[in-house]
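Read through the structure below, which is laid out as structure tokens, and then see the notes.
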There are 2 protein chains.
Amino acid sequence: MLNSRIMTTRFSNRPLYLQVRDALAERIASREWAPGGAIPNEGDLARQFGVSAGTMRKALELLESERLLTRRQGRGTFVNDQASEELAIRYSNVRQPDGQHVSENVEVLDAALSPVSEVEGRRLRLRLHDKVHRIRRLRFSDGKPYLLEDVALPAALFPGLSEYRTASHRIVVLAQQFGVLLGRGEERVTLGSASPDVARALQVKPAAPLLTLDRIVYTLDGRPAEWRFGHCHLADKCYLAETK
Amino acid sequence: MLNSRIMTTRFSNRPLYLQVRDALAERIASREWAPGGAIPNEGDLARQFGVSAGTMRKALELLESERLLTRRQGRGTFVNDQASEELAIRYSNVRQPDGQHVSENVEVLDAALSPVSEVEGRRLRLRLHDKVHRIRRLRFSDGKPYLLEDVALPAALFPGLSEYRTASHRIVVLAQQFGVLLGRGEERVTLGSASPDVARALQVKPAAPLLTLDRIVYTLDGRPAEWRFGHCHLADKCYLAETK
DNA sequence: AAGTGGTCTAGACCACTCA
DNA sequence: GAGTGGTCTAGACCACTTG
């Protein structure tokens, strides 16, 4: 079926390889192509979309750079599983001293679907009457609490999340399940001190120094997908920032 | 002159576009093509190197992704000036709350060419008898000290640095001057408290909570180019980590 | 040997910038 | 209108992986 070609080029000046990218991204988001699975080869896809092999290649390379695909010479092209150990670390900058991800347990202290607060509205670019899933979690490493976090997720991107009894605590996993493709993230770290409440939760002395983490993760097309505000007792961990 | 083509392909299986990239990168590093200046157009370069336009384009796009070039449709291709406000921020994660770079004054407390210490050797992957430029600086924002840093630079990459009376305090500027092309950087942040010496320098109380910054900046080909160890009094600033 | 992605080529045309 | 980079095409051949 040489469908897409006629459908799209007729109505758009957007470069062809970007239109193709969008169509492929949609198949990945919708899980029509499952995480971990192989997709058709370059030539077949090019014919299917009615574009040249070079154009299809450019679209595939773009998707690879966006971490949605992995291509391996002689093997094929595969949909990345965002829940895989390697990719799931992506936005988690609190690490073991050696840079490895901290193995952790998570306790959910609170979870609710609520109207946005004023701050949430600003951070997530939502309107006054939009709703968010608001979750408070405590993360443990080696049985000791180290991170207390308040998370807000736009209800529009994660519909019905509240009903899941066993929803993941990782934004990358949630996003994959809900067909949300994630892009860049941005975290501001400041130096804070434990309020009585926070101190109790983290089992530190009141006024103990903590890292305050203020993180926003955006979708691939630039819409805020998660706001997380956390208090972190670093102890024997470190915060890792990488610059490309 | 169709020089490079014959020279290189005869002796290497490295893909042609990478060999071309290397040759172009060398012209940039050596300042044969000056920062801010335009370079010849795609077609001329392709002829000059005896490769197809597509191959030359691929090399140029690679260099653009490595932040060495900027290409603008209708204008031309330009060598990036690493000292420009936009690029110079690159490895500086301590920022104003709005994410802007902090405007600062710098005081050099100490500078010397010395044999590597054991830690420096590990971090910079140097041998026992190599030398480093070791510099201690204090950075001020609004007249107040906020960052005390110890920097080590391999003497092999920055020969004669000690003789410059007015050397820059920014690694990106130094690197450009010495023909060193920079790639990724990695910074580990931990929570520390001010030792008496540090407290004096930063004008904070002894044992005041500080951020400890441990940063390594690598060259484009992966060799360590700078190790910086710093103590930071964040106060009204923040630490910004971005994730692609 | 068959199938995959990776490299390289040659050439046409489009979109943008500037004199 | 001349010159630049950006898109798109069609096809050849290479390098790697797997049965």
Side-chain angles (χ1 to χ4, degrees), chain A residues 2-24 28 33 36-80, chain B residues 2-24 28 33 36-80:
Chain A
L2 10 136
N3 46 10
S4 318
R5 177 57 185 280
I6 294 99
M7 293 296 291
T8 51
T9 50
R10 176 127 54 191
F11 299 110
S12 164
N13 297 320
R14 192 168 162 75
L16 197 46
Y17 75 93
L18 289 178
Q19 299 179 43
V20 172
R21 184 222 85 108
D22 292 346
L24 298 177
I28 295 168
W33 287 335
I39 74 173
N41 71 54
E42 198 167 295
D44 287 352
L45 283 174
R47 272 183 293 279
Q48 192 180 134
F49 281 83
V51 303
S52 78
T55 297
M56 181 53 69
R57 164 169 289 269
K58 199 161 176 180
L60 292 169
E61 282 170 344
L62 222 189
L63 289 164
E64 190 172 28
S65 79
E66 293 174 322
R67 311 212 205 199
L68 296 181
L69 293 178
T70 297
R71 318 192 72 197
R72 271 179 288 181
Q73 188 175 27
R75 304 264 331 261
T77 301
F78 304 84
V79 178
N80 286 341
Chain B
L2 9 136
N3 45 11
S4 318
R5 178 58 185 279
I6 294 99
M7 293 295 291
T8 52
T9 51
R10 177 127 55 191
F11 299 110
S12 164
N13 296 319
R14 192 168 162 77
L16 197 46
Y17 75 94
L18 289 179
Q19 298 179 42
V20 172
R21 183 222 86 107
D22 292 346
L24 299 177
I28 296 169
W33 286 335
I39 74 172
N41 71 53
E42 199 167 294
D44 287 352
L45 283 173
R47 271 183 295 279
Q48 191 179 135
F49 281 83
V51 302
S52 78
T55 297
M56 182 52 70
R57 165 169 287 268
K58 198 160 176 180
L60 292 169
E61 282 170 345
L62 221 189
L63 289 164
E64 189 172 29
S65 79
E66 294 174 321
R67 311 213 204 199
L68 296 182
L69 294 178
T70 297
R71 318 192 72 199
R72 271 179 289 181
Q73 188 174 29
R75 304 265 331 263
T77 300
F78 303 84
V79 178
N80 286 341

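Since the structure is predicted, the reported quantities are computational estimates derived from the model, not experimental observations. Lettering follows sequence order; numbering is per chain, from 1.
Look at CZ on B/F78: it is 12 Å from C1' on D/dG3, rounded to the nearest Å. For the pair A/L16 CG and D/dT9 P, the computed distance is 5 Å after rounding to whole Å. Computed from coordinates, the B/M56 CE to C/dA10 C1' distance equals 15 Å when rounded to whole Å. In this structure, CZ of B/R57 is placed 10 Å from C1' of D/dT4, rounded to the nearest angstrom.
Using a 4.0 Å heavy-atom distance criterion, A/R72 is classed as a sugar-phosphate-only contact.
For the side chain to side chain contact (heavy atoms under 4.5 Å, CB included) with A/R75, the lone residue among A/R71, A/R72, A/Q73 that qualifies is A/R72. Of the candidates A/L24, A/N80, A/T77, A/T70, A/L63 forms a side chain to side chain contact (heavy atoms under 4.5 Å, CB included) with just one, namely A/L24.
For the OP1/OP2 pair of C/dG5 and a distance below 4.0 Å, the side-chain nitrogens and oxygens of A/T77 include at least one atom meeting the criterion. Neither OP1 nor OP2 of D/dC8 sits under 4.0 Å from any side-chain N or O of A/K58.
Distance check: B/R57 CZ to B/T55 OG1 gives 11.5 Å after rounding to the nearest 0.5 Å.
Helical stems in DNA chain D, defined as runs of 3 or more consecutive Watson-Crick or G-U wobble pairs with both donor-acceptor distances under 3.5 Å, are listed by first residue as C:1-18 with D:1-18.
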Distances under 3.5 Å only, N/O to N/O: pair up the protein atoms with those of nucleotides 16-19 of chain D.
from, atom 1, to, atom 2, distance (Å)
D/dT18, OP1, A/R75, NE, 3.0

